[in-house]
Amino acid sequence: MYKKVETSLNFTQREKEIEEFWQENNIFKKSIDQREGKDMFTFYDGPPTANGKPHIGHVLTRVIKDMIPRFQAMKGHKTVRKAGWDTHGLPVELEVEKSLGLNGKDQIEKYGIEPFVKKCKESVWKYKGMWEEFSRTVGYWADMDNPYVTYDNKYIESVWWALKTIWEKGLLYEGHKIVPYCPRCGTPLSSHEVAQGYKDVKERSAIVRFKVKGEDAYFLAWTTTPWTLPSNLALCVNPKVTYVKVKKDDYTYYLAEALAEKVLGEDFSVLAKFTGKDLEYKEYEPLYPFAVGKIKKKSFYVTCDDYVTTADGTGIVHMAPAFGEDDARVCHKYDIGFVQFVDAKGCLTKETDWEGIFVKKADPLILKDLKEKGLLFDAPSFEHSYPHCWRCDTPLIYYARESWFIKMTAVRENLIKNNNMVNWIPPTIGKGRFGDWIEHVQDWGISRNRYWGTPLNIWECKCGHQHSIGSISELKAMSDNCPDDIELHRPFLDNVTIKCPKCGEQMHRVPEVIDCWFDSGAMPFAQWHYPFENKDLFEKTFPADFISEAVDQTRGWFYSLIAISTLLFNKPAYKNVIVLGHVQDKNGQKMSKSKGNAVEPMAALKKHGADAIRWYFYENSAPWLPNRFHDDAVQEGQRKFLGTLWNTYAFYVLYANIDKFVPSEHKLDYATLSVMDKWLLSRLNTLIKFVDENLSAYRVTETAKALQDFVDELSNWYVRRSRERFWGKDMTQDKVNAYMTLYTALSTFIKLAAPMIPFITDTIYQNLVRNSYADAKESVHLCDFPKVNETYIDKDLEKNMQLVLEIVSLGRAARNTANIKNRQPIGQMFVKAPFILNDFYKAIVADELNIKCVDFTDDMEKYLSYSFKPQFKVLGPKAGRQINEIKKVLATLNGHAAKDELDKTGTLKVTLASGDFTLTREDVEVSVTQTAGFATESYNKVTVAIATTLSPKLIEEGFVREVISKIQTMRKENGFEVTDRIKVYVNGNEKIASIVKDNCAEIQKIVLATSIETGKTDGFSKEWNINGEKVILAIK
RNA sequence: GGGCCUAUAGCUCAGCUGGUUAGAGCGCACGCCUGAUAAGCGUGAGGUCAGUAGUUCAAGUCUACUUAGGCCCA
């Protein structure tokens, strides 16, 4: 016996039970262990930061990350998935700063790095419990007991190994990096911090005259930051833009042609035209003498770069390599020198004439000075949005800092090659957003002037020697003062010195820690402490078969993984990646706490259940598109899909229990099955094939839609059409067939859907399968994924049934337009279709539509007429612009006559203004139009016509069906059991009484009546209006 | 400011290489069914395919620009 199935849709309670069942019986572990020795399928989990709470977007990432490995596990692979935690980085430090009431680096150092770092380490686990509960509730299977943790000594040691390897390849170097910098706080800001502080400000910009060397002419160059002019070393033009040499008043200028009028007014004459490229390497005289003699490299000439635009200014840009990222990059490209006449407090230095003056205060002084020297052309006001420090509101400056880089530009070709090996889903991201970006890859600035992170493993000596340490044992071997239990963090490591192999002095570690993206990108090997341990395991699990994260990770984790794997192994780190869109609110707005539109994930999970939410994300739309999330949308899928599945399962259990049907005692005997059964099995196996192919190719939405369609067909066609077979008293072969077919469909389906909706499928499995088969696997998730049985797939059968469904649908529409309800039998229906169905299918149509006789015919002329229009795809190219006239003429043709002509001659001649035009059968589309005496409907190539005139006999039959229906309703309303015998009374209407008398035997049989009496009532009675006739019916 | 993505019915989404009646589900209205019934089925109304201009015999689909939202980078 099956456990009785609650028809309530209380999914969350049942999910909790399954969650506990998995927990108690180690189902996840078993799902991996039972595949020992099988091919590996590797999934890498991108580590979340545990000091942030899970949000609804994590539900999407987790359900995608979970589903693919579950599927691959059922396909027979050993699918190891290690969970991970991202624990380093600025967000953690900021969180701790806030909680300690600290503000800025000075205060942190006053507080002490050691206690600060200790707090960081603790803070990381603030929401660990919440994450674990969250993961359990959504059904996310990953090894949470042995996660990788990026702050772990072993993890850091692996990262060190990687850095040393890169160092030894000569790809790790020290250089300048332009960073947004707060001169008051003395610290660079992260892009996230910068974004918080943009403000619109109005400032003076400067258009400055740079004297061309050896020519009585000037370059007009523009800058929004006059304080950078003393540090000027070059000018830059766009090589593709047109520049002009013009005469204005007494001066000769160079500037962009497009901006000449805007800058100079109308009164000037053009002397010559150049492209930007023509101006390259043209020299000019330094604006200020400060840098002259201090730099050895050749400077003070024109450079070319695409970043210069003609949107503002003059098309010529002044360059100071210390104060702009583009400036630094272009000057680096041209091997120009470097000066930085601003100190760390944001004041100009003693090399200039404005020593000690803050840059923003120096702006007007410099403008004044230039004006006096006659070098200032103009100083227009300029409004733009400029970043300010979010802490102290000081305007930020872009400022060069000493920084460590990985020379990604050196491995660019390999990066591109490796990226091309990745299967990006969708492909456009791999080609576009990601591919374009790595085409122009820049060196990776990996150092951070912070405290809580993997320390950069470079030691420096006064003699200039640098050494990279690659392991703890190497450190200990080279150091006299390394504690035995050294923790690889600041400040502990800052005190460890090593002996310089060159000069014998003590070497000190550089103060920087590294970008935490390097940590997470190192996870393929660092999670296994490779190469110090688990060499085999790493090699077997690299690269990953599959990863998935949201689109914001393109330049984050997706990049750091492939960057590091290219540097170390020259391979991509992953083979397949699903890029996910962000989850937005119901209006397509970004969710955020401040807007108050953020959905709390645990609350949503509690309300709808995990399966419903999982299903929403799978089915709703392509994973890479932004998902709008709100409650109603989730409920829809729950009712339609989960509810229907559950109902179908409940139906099976209800009757199987009544009949004490046990599937293990029977066999599915294909030869004896009805067409309906064979149809369902054909659909089922088509579905298996489809799901297998699509999930193997990471096509999520397509799979979900196919599963949903199948459940709909199973419930609303197979079960509905087959219900009566379950009602019979005896266990006939046909009844066994119905049970076995439905059982097979259900028990197979839950395996197909198990990766997506793991809870409900296991709930059903426990009752449906484990209850019947003693040797069944413990959980649906330990089963093998179903294999398609091609012999059950009968495409013709599916095609025929599809036509049945179309005809039925049209028939119902025709009934509706004719206003004849279903209980009223109809005598005749004609059908025109591309192919003809046999009697079995016709019987289904007849039964479903309550029609006596269904016939196929091509000759529908009696019931309808034809209309013609061009088959545009075929005729369009042939007829060209005549096509609209042809369309008009076709619309006026006599349908029957034209059809005749087409049938007899195979062509159709139409007369146009320009002469005759002969159309072939392929050129026109023939459709049917309305009629008289029949109700017709057509769709695609199928047309139906039902006879709307009803004979007295049919009307009588209609009455009989009505009476039966009312009596059945009364049986139920009055609590009779299905098997109870009743007495029936009919009173108060002669017409009905006589019809009932004439059909007494039939009615008695169906409603299980022992007698029918007219003219009196007894027992439960009720007045009914049957097709306009009032009558009292009673039963006892 | 730059790059990329998105915009189709009240809501959530389909719509293949351009082919003329733009589909589905939900919601709504009406009806049907009634031994899965706090279920099921059907029909209908709802669309200037974000806007503007262009290419074409033909544009939701191609091009350019604009608007709104998103992601990344300045």
Side-chain angles (χ1 to χ4, degrees), chain A residues 5 7-9 180 191 194-195 198 307 309 311-312 324-326 384-385 387 398 426 428-429 431-434 436-437 440 550-556 579 581-582 584 586-590 616 619-622 624-630 632-637 639-641 643-644 646-655 701 705 708-709 712 715-717 719-720 723-724 726-727 808-809 811-817 819 821-823 848 869-887 925 927 937 939 965-966 968-969 971-972 976-979:
Chain A
V5 176
T7 47
S8 78
L9 298 182
S191 60
V194 174
Y198 273 93
Y307 96 93
T309 69
D312 284 303
E325 202 168 334
D326 290 310
H384 62 155
S385 107
Y398 286 86
T428 47
I429 294 200
K431 280 202 209 80
R433 184 187 281 226
F434 193 72
D436 291 348
W437 189 55
H440 302 107
V551 62
D552 55 67
Q553 294 297 330
T554 7
R555 295 184 189 185
V579 183
H582 281 123
Q584 304 171 331
K586 69 185 295 182
N587 300 316
Q589 301 281 312
K590 179 179 171 167
Y616 173 74
E619 196 272 342
N620 181 52
S621 69
W624 52 88
L625 296 175
N627 272 281
R628 296 187 180 191
F629 184 90
H630 54 109
D632 302 345
V634 176
Q635 262 158 8
E636 189 180 316
R639 274 229 308 281
K640 187 166 164 46
F641 178 63
T644 307
W646 189 257
N647 253 322
T648 309
Y649 155 66
F651 174 89
Y652 168 83
V653 169
L654 178 69
Y655 285 100
T701 318
K705 301 248 192 232
Q708 181 156 294
D709 288 347
D712 186 58
S715 168
N716 292 326
W717 191 243
V719 172
R720 195 160 60 79
R723 265 185 300 194
E724 291 180 30
F726 295 93
W727 299 341
V808 165
S809 170
R812 283 199 270 247
R815 265 188 176 278
N816 230 316
T817 34
N819 206 10
K821 64 168 128 175
N822 232 10
R823 264 197 296 263
E848 187 68 19
K869 65 180 177 186
Q871 191 72 50
F872 285 93
K873 203 164 189 170
V874 181
L875 193 57
K878 278 196 237 173
R881 61 178 68 247
Q882 289 175 297
I883 198 161
N884 283 325
E885 198 186 350
I886 295 174
K887 181 183 171 188
E925 193 180 326
S927 51
E937 291 287 335
Y939 184 76
S965 156
K966 303 303 182 234
Q968 297 285 38
T969 305
R971 281 185 64 117
K972 209 159 134 202
F976 287 91
E977 287 299 317
V978 178
T979 47

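Naming: A, B, ... by sequence-line order, numbering from 1 per chain. Predicted model only: the values in this text are computed from it and were never measured. No hydrogens, no waters, no symmetry mates; every other heavy atom, side chains included, goes into these values.
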**Item:** Length of the line joining A:Arg971:CZ and B:rU37:P, which is rounded to integer Å
**Value:** 17 Å
Could you write out each protein N or O paired with an N or O of nucleotides 4-8 of chain B at a distance under 3.5 Å?
| residue | atom | partner | partner atom | Å |
| --- | --- | --- | --- | --- |
| B:rC4 | O2 | A:Arg433 | NH2 | 3.2 |

**Request:** Determine the interatomic distance between C1' on B:rC62 and the same-named atom on B:rC28; round to the nearest Å.
**Result:** 38 Å
**Asked** Choosing from B:rC41, B:rG70, B:rA36, which nucleotide comes nearest the side chain of A:Val719?
**Response** B:rA36
**Message:** Testing the basics here: between A:Val579 and A:Val551, what is the closest heavy-atom pair and its distance to 0.1 Å?
**Reply:** CG1-CA, 3.5 Å
**Asked** Considering only the C1' atoms, how many Å lie between B:rG42 and B:rC5, rounded to the nearest integer?
**Response** 40 Å
**Item:** Gap in Å between the two C1' atoms, one belonging to B:rA7 and one to B:rU48, rounded
**Value:** 15 Å
**Base-pairing assignment for B:rG40 (Watson-Crick or G-U wobble, both under 3.5 Å)** = B:rC32
**Prompt:** Using purine N1 to pyrimidine N3 plus N6-O4 or O6-N4 for Watson-Crick, or N1-O2 and O6-N3 for G-U wobble, both under 3.5 Å, which nucleotide pairs with B:rU17?
**Reply:** none
**Prompt:** What closest approach, in Å, do A:Thr554 and A:Phe434 show between heavy atoms, and which atom pair accounts for it?
**Reply:** O-CE1, 3.1 Å
**Request:** Check A:Gln708 against A:Glu619 and note the closest heavy-atom contact, atom names and distance.
**Result:** NE2-OE2, 3.4 Å
**Request:** Rounded off to whole Å, could you give me the NE2-to-P distance for the A:His582 and B:rG69 pair?
**Result:** 17 Å
**Counterpart base for B:rC4, defined by Watson-Crick or G-U wobble contacts under 3.5 Å** = B:rG70
**Message:** Using a heavy-atom cut-off of 4.0 Å across all strands, would you classify A:Ser965 as base, sugar-phosphate, or nothing?
**Reply:** sugar-phosphate
**Request:** Only counting residues at least two apart or in another chain, list the ones meeting salt bridge (charged side-chain N to carboxylate O under 4.0 Å, His left out) with A:Arg723.
**Result:** none
**Request:** Find the distance A:Leu654:CG to B:rA39:P and express it as a whole number of Å.
**Result:** 17 Å
**Item:** Nearest-angstrom distance from the residue atom CD of A:Glu724 to C1' of B:rU34
**Value:** 13 Å
**Asked** Taking atom P of B:rC73 as reference, at what distance in whole Å does atom CD of A:Gln553 sit?
**Response** 10 Å
**Prompt:** Could you give the OH-to-P distance, from A:Tyr649 to B:rA36, as a whole number of Å?
**Reply:** 18 Å
**Asked** Mind checking the C1' distance from B:rU20 to B:rU56? Whole angstroms is fine.
**Response** 14 Å
**Request:** Could you tell me whether A:Arg815 contacts a base, only the sugar-phosphate backbone, or nothing, with contacts defined as non-hydrogen atoms closer than 4.0 Å?
**Result:** nothing
**Message:** Just verifying a value: how many Å separate A:Trp727 CH2 and A:Tyr655 OH, rounded to the nearest 0.5 Å?
**Reply:** 6.0 Å
**Message:** Is the phosphate of B:rU43 approached by A:Ser809 (side-chain N or O, under 4.0 Å from OP1 or OP2)?
**Reply:** yes
**Request:** Working to the nearest 0.5 Å, report the span between OG1 of A:Thr648 and CG of A:Asn716.
**Result:** 7.5 Å
**Request:** In whole angstrom, give me the gap between the P atoms of B:rG27 and B:rC11.
**Result:** 15 Å
**Request:** Verify the contact: side-chain N or O of A:Arg720 to OP1 or OP2 of B:rA36, cut-off strictly under 4.0 Å; return yes or no.
**Result:** no
**Fill in**
Heavy-atom closest pair (A:Ala622 atom, A:Thr701 atom, distance to 0.1 Å) is CA-OG1, 3.4 Å
**Item:** Minimum-distance nucleotide to A:Arg723 side chain [options: B:rG42, B:rG40, B:rA36]
**Value:** B:rA36
**Request:** Can you tell me, in whole Å, how much space there is between the C1' of B:rU67 and that of B:rA22?
**Result:** 24 Å
**Message:** Return the pairing partner of B:rC26 with a 3.5 Å limit on both distances, Watson-Crick or G-U wobble; otherwise return none.
**Reply:** B:rG10
**For B:rU52, the Watson-Crick or wobble counterpart (both distances under 3.5 Å)** = B:rA64
**d(CH2, A:Trp437; P, B:rC71) in whole Å** = 18 Å
**Request:** Measure from CG on A:Asn647 to P on B:rU37 and round the result to the nearest Å.
**Result:** 7 Å
**Between B:rU34 and B:rU12 - P atom distance, rounded Å** = 37 Å
**Prompt:** So which one's nearest nucleotide on RNA chain B is more toward 5', A:Asp552 or A:Tyr616?
**Reply:** A:Tyr616
**Message:** Please classify the glycosidic conformation of B:rG46 as syn (within 90° of 0) or anti (everything else).
**Reply:** syn
**Request:** Just compare B:rC41, B:rC13, B:rG70 and give me whichever is closest to any side-chain atom of A:Lys705.
**Result:** B:rC13
**Residue A:Asn620, side-chain heavy atoms: nucleotide from B:rC13, B:rC41, B:rC72 that is nearest** = B:rC13
**Message:** For a quick check of understanding: with a heavy-atom distance under 4.0 Å over all strands, which category does A:Tyr655 fall into, base, sugar-phosphate or nothing?
**Reply:** sugar-phosphate
**Gap in Å between the two C1' atoms, one belonging to B:rC33 and one to B:rG40, rounded** = 8 Å
**Request:** Consider the side chain of A:Trp727, meaning its heavy atoms from C-beta on, and name the nucleotide among B:rC41, B:rA36, B:rC71 that approaches it most closely.
**Result:** B:rA36
**Request:** Identify whether any heavy atom of A:Ser715 sits under 4.0 Å from a base atom; if not, whether one sits that close to sugar-phosphate; answer base, sugar-phosphate or nothing.
**Result:** base
**Complete:** Between the CG atom in A:Leu654 and the OH atom in A:Tyr649, the distance rounded to the nearest 0.5 Å is 12.0 Å
**Request:** State the pairing partner of B:rA45; accept Watson-Crick or G-U wobble contacts with both distances under 3.5 Å, and report none otherwise.
**Result:** none
